[in-house]
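Data first, discussion second: the structure below is written as structure tokens.
So you know, we letter chains A, B, ... as the sequences are listed, proteins then strands, and number each from 1. Please read all numbers here as calculations on a predicted model, not as lab measurements. All values below come from the heavy atoms of this structure, side chains included, with hydrogens, waters and symmetry mates left out.
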2 protein chains.
Amino acid sequence: MLRLSKLTDYAVVVLVRLARCDEVQTAPGIATATGIPEPTVSKVLKALASGGLVVSQRGARGGYRLMRSLNEVAVSAVITAIDGPIALTACVEGSVGGCEAENLCPVRGRWDPVNEAIQSALSAITLADMQEAAMVRSFPLVLEPARLESSRLDPTRAVS
Amino acid sequence: MLRLSKLTDYAVVVLVRLARCDEVQTAPGIATATGIPEPTVSKVLKALASGGLVVSQRGARGGYRLMRSLNEVAVSAVITAIDGPIALTACVEGSVGGCEAENLCPVRGRWDPVNEAIQSALSAITLADMQEAAMVRSFPLVLEPARLESSRLDPTRAVS
DNA sequence: ACAAACAGGACCGGAGGGGTCCGCTTAGTC
DNA sequence: GACTAAGCGGACCCCTCCGGTCCTGTTTGT
Ligand code: FES
Ligand code: FES
């Protein structure tokens, strides 16, 4: 299902919340505002801070503050900050030793183009797009979508 | 890391192998040819058959055969057949009850555009592209890549 | 009738991720 | 200068999911 981690979802929630004012906001405050348990918020914010998406202010009256505005933050940046670099399979470039029978394998590193395509798509969407998406419902997908060739199979057609 | 399941990787291997001749090929045969353990090959082929990517011939002298040629099969079709419909988070359309505090949550279903973008990117790449990719190494990414804006952060720059 | 192959499950073990907690450091405040 | 409110870094556990295997039908050529 290509599921991305739930922490990334939380990260987006936190970032959007963080964008509502440019004052510093404490992790407990964000926790109560969003309903996400406080230790989890803390963990997410720590990851985002080390990823350079937010800046932290230590000490009393400390908290977190956005580093860039939402339309400067790509979704791929959030995913990278939380889940590490995007690597679809264990056999992408790097991590050479991970695969058994890699001399026989006929797809040595062929996922790389797919990987890059996804990264491109994710880099083209910013968090501002995402929050806009929920307001203008059923909007027609900002970036050029590379010609989605409508649904080859899957009779259930669960679009998600 | 946006990891996709290893079974999908195997599926691509199997499909590419299956394309080498249009005769039916048995699951044990493919297993020995690719080095993938036989029960796993069987499972993958079953999923692909139910997804409509291969057709099966039962009985003695049975086996599997490709239904479409490789350049007619999008990567998204393979992923959908193996891993089910692509759903980045638990909170995409459908599966309404899965999320706690969904009335508070400010990103209700905002992953949908991201989801569709990925699906578009994945639908634009066919298996033929993938096998071509490994031959013409470092090829410049067939589909228009929506302007990947080069690497905001991550000093390590692990591209994969 | 036999054998070879697929079909459709059940089943199990390990890895990974969500979630929590604790001790330490920093910096405002009184 | 002491206190306190926050972040920082890491260790930790538990649960879920996935990879991998196996077994019992069912089909079909020989
Ligand atoms: S599956 Fe790893 S190199 Fe092919
Ligand atoms: S996180 Fe599930 S609806 Fe927002």
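For Ser56(A), a side-chain nitrogen or oxygen approaches OP1 or OP2 of dC8(D) to under 4.0 Å. Here Tyr10(A) does not reach the OP1 or OP2 of dG18(C): none of its side-chain N or O atoms lies under 4.0 Å away. Considering only side-chain N and O atoms, Ser5(A) lies under 4.0 angstrom from the phosphate OP1 or OP2 of dG18(C). Taking side-chain N and O atoms only, Tyr64(B) has a distance below 4.0 Å to OP1 or OP2 of dA7(C). Residue Thr40(A) places at least one side-chain N or O under 4.0 Å from the OP1 or OP2 atom of dT20(C).
Looking at the side chain of Pro39(A), the nearest of the listed nucleotides dC21(C), dC6(C), dT21(D) is dC21(C). Nearest nucleotide to the side chain of Leu7(A), out of dG18(C), dA7(C), dT20(C): dG18(C).
With rounding to the nearest 0.5 Å, the separation of CZ in Arg65(B) from CD in Gln25(B) is 11.0 Å. Annotation: the span from Leu53(B) atom CG to Leu15(B) atom CG amounts to 6.5 Å, rounded to 0.5 Å. Summarising the geometry, atom CZ belonging to Arg17(B) is positioned 11.0 Å from atom CD1 belonging to Ile36(B); distances are rounded to the nearest 0.5 Å. Interatomic distance, CG of Leu18(B) versus CG of Asp22(B), reported as 10.0 Å (0.5 Å rounding). A distance of 8.0 Å separates CD1 of Ile125(B) from CD1 of Ile118(A), quoted to the nearest 0.5 Å.
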Identify each atom pair where a protein N or O and an N or O of nucleotides 27-30 of chain D are less than 3.5 Å apart, giving names and distance.
{"from": "dT27(D)", "atom 1": "O4'", "to": "Arg58(B)", "atom 2": "NH2", "distance (Å)": "3.4"}
{"from": "dT27(D)", "atom 1": "O2", "to": "Gly59(B)", "atom 2": "N", "distance (Å)": "3.4"}
{"from": "dT28(D)", "atom 1": "O2", "to": "Ala60(B)", "atom 2": "N", "distance (Å)": "3.4"}

Report each atom pair, protein N/O against N/O of nucleotides 10-16 of chain D, whose distance is under 3.5 angstrom.
none

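Rounded to 10°, the helix from dA1(C)-dT30(D) to dC30(C)-dG1(D) has 10° between the axis fitted to its first five pairs and the one fitted to its last five.
For Ala19(A), the side chain to side chain contact (heavy atoms under 4.5 Å, CB included) criterion is met by Leu66(A), Leu70(A), not counting sequence neighbours. Residues satisfying the side chain to side chain contact (heavy atoms under 4.5 Å, CB included) criterion with Thr8(A), sequence neighbours excluded, are Leu4(A), Ser5(A), Val78(A), Ile79(A), Ile82(A), Asp83(A), Trp111(B). Every residue two or more places apart in sequence or in another chain was checked for a side-chain hydrogen bond (donor to acceptor under 3.5 Å, both in side chains) with Ser50(B), and none qualifies. Residues that satisfy the side chain to side chain contact (heavy atoms under 4.5 Å, CB included) test with Gln57(A), not counting sequence neighbours, are Val24(A). The side chain to side chain contact (heavy atoms under 4.5 Å, CB included) test applied to Pro28(B) returns Thr26(B), Glu38(B), not counting sequence neighbours.
When the P atom of dG17(C) is taken as reference, atom CD1 of Ile79(A) falls 14 Å away, rounded to whole Å. Taking atom CG of Leu48(A) as the reference point, atom P of dG7(D) lies 13 Å away to the nearest angstrom. One interatomic measurement links the two molecules: CD1 of Ile82(B) to P of dG19(D), which rounds to 10 Å at whole-angstrom precision. If you take CG of Asp9(B) and P of dG19(D), they are 10 Å apart, rounded to a whole angstrom. In this structure, Arg65(A) places its CZ atom 17 Å from P of dA6(D), rounding to the nearest Å. Atom CD1 of Ile36(B) is separated from atom C1' of dG19(D) by 13 Å (rounded to the nearest Å). Look at NZ on Lys6(A): it is 15 Å from C1' on dT20(C), rounded to the nearest Å. Across the protein-nucleic acid pair, Gln25(A) atom CD and dA6(D) atom C1' stand 14 Å apart, rounded to whole Å.
Taking the side chain as every heavy atom from C-beta outward, Ile30(A) and Leu45(A) approach each other to under 4.5 Å.
Summarising the hydrophobic clusters (Ile, Leu, Val, Met, Phe, Trp, Tyr; side-chain heavy atoms under 4.5 Å, direct or chained), the residues clustered with Val55(B) are Met67(B).
Ala49(B) comes within contact range of no nucleotide atom at all, as no heavy-atom separation falls under 4.0 Å.
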